[in-house]
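The basis for the numbers below is simple: all heavy atoms, side chains too, and nothing from hydrogens, waters or symmetry mates. Read the numbers this way: they start at 1 and go in the same order the structure lists the ligands and their atoms.
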Amino acid sequence: MSAAGFDVVIVGGGAAGITVAAQLRRHRTTLSIALVEPSETHAYQPGWTMVGAGVFSMKQTQRRQETLIPPGVTWFRIGADAFEPERNAVILADGRRLTYASLVLCPGLQLDWNRIEGLQDALGANGVCSNYASAHAEYTWRCIQELDGGTALFTQPAMPIKCAGAPQKIMYLASDALRRTGRLDRVDVEFCLSGSVLFGVPFFVPALQRSIDEYGIRVNYGHTLTAVDGPARKAVFSAIGPGGQTREIVRDFDMLHVTPPQGPPDFIRNSPFADAAGWVSVDPETLQHTRFPNVFGLGDAAGTTNAKTAAAVRLQAPVVVRNLLAAVDGRSLTAAYDGYGSCPLTTAYGRVVLAEFGYGGRIMPSFPIDPRVPRFSAWLLKQNILPALYWNWMLKGSELDIRHRERTFEKAA
Ligand SMILES: Cc1cc2nc3c(=O)[nH]c(=O)nc-3n(C[C@H](O)[C@H](O)[C@H](O)COP(=O)(O)OP(=O)(O)OC[C@H]3O[C@@H](n4cnc5c(N)ncnc54)[C@H](O)[C@@H]3O)c2cc1C
């Protein structure tokens, strides 16, 4: 099949891909850039918690992809399938080949709905919902509104997942909605999570535990959802007992909010760019590929230990752009990403714990106030300011947050 050559090929046009494309255009207008992205719709996924809570409509979180592609960038409206790094080539799903001088990998992560038996069929009816699916996040709000007693289960799979706080955020908002309408006493809310801690950064755990206690939520650690029967309203869990033994537990539910298992996209996992776990193997600071110097990775697909969030992308993109251009020019890579990610934890309507942290769980608050306190100001940030920043600044290539931009830290190209 025919080949086309570009200075930069970007695989994935989500938060990371559009941001990098826009910033590259600003830094060096002469570059020829191709963006490989199969979806016609671009979503502001951080808004999906608010969709499930009835604050936003799904439509408010979506825009047509073509309105976001920066001028001068060539859009290939198809998925990438494979790579030939020795030929600097990306193979598209229709067999076409794109060659590149530099490659940016940011196709996000894969939601593995099929790893839970019966889930695909169950979603969207009988109280089975998920804020992780654009087609079903609005149904979450319907489930919350219609729930009038019984059991509401909220699940969380093994890490890593995108926005690790999202399974809890909707649970607290649902509990608050139930409390405000006098139904919380009639509903047993339970958090069923595969892991053994409420949140990966211990600093924020007491704040979340307070919400758990306040709403009377029961927490079931070591519980992994394995199957769902929608019409029978039964959920099957593999549960780790106190002695470490695993047993199967079948639970009845009236509402089931599922966060699906997540992992690297198959075409990345099966590519020469993958690390042992299947993610794009990059240096955690320069975001340059560990084996191919003309390849960079960022966003959810990157094999870094930061929180997989759009907030992380906001600070990764300028690092990738600077280091990619440095590599092209034969300069050393001086930009370093410090693992910043942010998770605005909605503990109630009008209340957010703004968790901001970097590599190793280092607390990195943007404001000089205790970030563990749920605040209305942080809710306004989540509801009004962050979406506007995303659409109007970040995706347009404005570098809002230059805190971590140029470090004295130096890495050889
Ligand atoms: C419910 C929910 C709540 C969240 N809450 C927050 C929050 O409060 N704060 C926050 O910062 N983040 C939040 N996030 C996470 C945030 O949305 C992601 O971390 C962010 O979108 C990652 O950007 P990305 O570009 O890596 O991936 P994405 O934005 O997912 O984009 C990946 C793109 O790659 C494309 N793609 C897939 N396969 C291929 C292929 N084969 N070839 C080419 N392209 C491909 C996809 O179509 C997609 O457009 C939340 C996410 C969810 C689902």
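In summary, Arg97 and Glu84 engage in a salt bridge, as defined by a charged side-chain N under 4.0 Å from a carboxylate O. Ion pair Arg28/Asp329 flagged as a salt bridge, since at least one NZ, NE, NH1 or NH2 atom sits closer than 4.0 Å to an Asp/Glu carboxylate oxygen. At a threshold of 4.0 Å, the pair Asp176-Arg179 counts as salt-bridged, since one of the basic side-chain nitrogens sits closer than that to a carboxylate oxygen. Electrostatic pairing of Arg142 and Glu146 counts as a salt bridge here, judged by a charged N lying under 4.0 Å from a carboxylate O.
Taking CG of Asn131 as the reference point, atom NE2 of His257 lies at 3.5 Å (rounded to 0.5 Å).
Shortest non-hydrogen contact noted between Thr347 and Tyr215 is O-OH, 2.6 Å. Minimum heavy-atom separation, Ala34 to Leu98: CB-CD1, 4.4 Å. The shortest heavy-atom contact between Tyr390 and His42 is OH-NE2, 2.6 Å. In this structure, Pro272 and Phe292 approach most closely via the heavy-atom pair O-CE1, 3.8 Å.
Protein heavy atom in closest approach to atom 47 (O) of ligand 1: Glu37 OE2, 2.7 Å. Protein heavy atom closest to atom 13 (C) of ligand 1, with residue, atom name and distance, is Pro46 CG, 3.5 Å. At the top of the distance list for atom 26 (O) of ligand 1, counting protein heavy atoms only, stands Asp300 N, 2.8 Å. Looking at atom 41 (N) of ligand 1, its nearest protein heavy atom turns out to be Ala80 O, 3.0 Å. What sits closest to atom 23 (O) of ligand 1 on the protein, heavy atoms only, is Ala15 CB, 3.5 Å. Distance from atom 37 (C) of ligand 1 to its nearest protein heavy atom, with residue and atom name: Pro107 O, 3.5 Å. Of all protein heavy atoms, the one closest to atom 43 (C) of ligand 1 is Val36 O, 3.3 Å. When only non-hydrogen protein atoms are considered, atom 10 (C) of ligand 1 lies nearest to Ala310 N, 3.4 Å.
Heavy-atom contacts of Pro38 reach the following atoms of ligand 1: 43 (C), 44 (N), 45 (C) (cutoff under 4.0 Å). Applying the 4.0 Å criterion to heavy atoms of Gly299 picks out, from ligand 1, the atoms 26 (O). Residue Gly108 approaches ligand 1 through these ligand atoms, each under 4.0 Å from one of its heavy atoms: 26 (O), 27 (O), 32 (C). Near Gly14, meaning under 4.0 Å from any of its heavy atoms, are these atoms of ligand 1: 25 (O), 29 (O), 31 (O), 33 (C), 49 (O). The Tyr132 neighbourhood of ligand 1 comprises atoms 53 (C), with distances under 4.0 Å to a heavy atom of that residue. Residue Ala311 has at least one heavy-atom neighbour below 4.0 Å for each of these atoms of ligand 1: 11 (O). Close approach of ligand 1 to Val11 (heavy-atom distance below 4.0 Å) involves ligand atoms 42 (N), 43 (C). Of all the atoms in ligand 1, the ones that sit under 4.0 Å from a non-hydrogen atom of Asn131 are 1 (C).
Only the backbone of Lys308 comes within contact range of ligand 1, with a heavy atom under 4.0 Å; no side-chain atom does. Here Lys382 has side-chain heavy atoms under 4.0 Å from ligand 1, and that is the only part of it that gets that close. Proximity of Phe267 to ligand 1, defined as any heavy-atom pair under 4.0 Å, is confined to the side chain (atoms from C-beta onward).
Residues Gln45 and Tyr132 are not in side-chain contact: their nearest non-hydrogen atoms beyond the backbone lie 4.5 Å or more apart. Residues Leu345 and Tyr172 form no side-chain contact, since every pair of their non-hydrogen atoms from C-beta on lies 4.5 Å or further apart. Inter-residue side-chain proximity for Ile170 and Ile144 is flagged as met; some heavy-atom pair is nearer than 4.5 Å. Between Pro167 and Leu193 the shortest side-chain heavy-atom distance does not fall below 4.5 Å. In this structure, the side chains of Pro46 and Leu386 stay at 4.5 Å or more apart for every pair of heavy atoms.
A side-chain donor from one of Thr290 and Ser281 sits under 3.5 Å from a side-chain acceptor of the other.
In terms of polar-atom proximity, defined here as any N/O pair under 3.5 Å, Ile78 makes no such contact with ligand 1. Ligand 1 has an N or O atom lying under 3.5 Å from an N or O atom of Lys169, backbone or side chain. Checking only distances, Ser39 never comes within under 3.5 Å of ligand 1, N or O to N or O. Inclusion of Ala16 in the set of residues having an N or O under 3.5 Å from an N or O of ligand 1 is warranted. For ligand 1, the polar-atom distance check against Gln45 finds a nitrogen or oxygen pair separated by under 3.5 Å. For ligand 1, none of its N or O atoms has an N or O atom of Trp48 under 3.5 Å away. Ligand 1 has no nitrogen or oxygen under 3.5 angstrom from a nitrogen or oxygen of Cys163.
Every heavy atom of Pro265 sits 4.0 Å or more from the atoms of ligand 1. Residue contact annotation: Cys343 has no non-hydrogen atom under 4.0 Å from ligand 1.
Ring pair His289/Phe273 is perpendicular by interplanar angle, where above 60° counts as perpendicular and below 30° as parallel.
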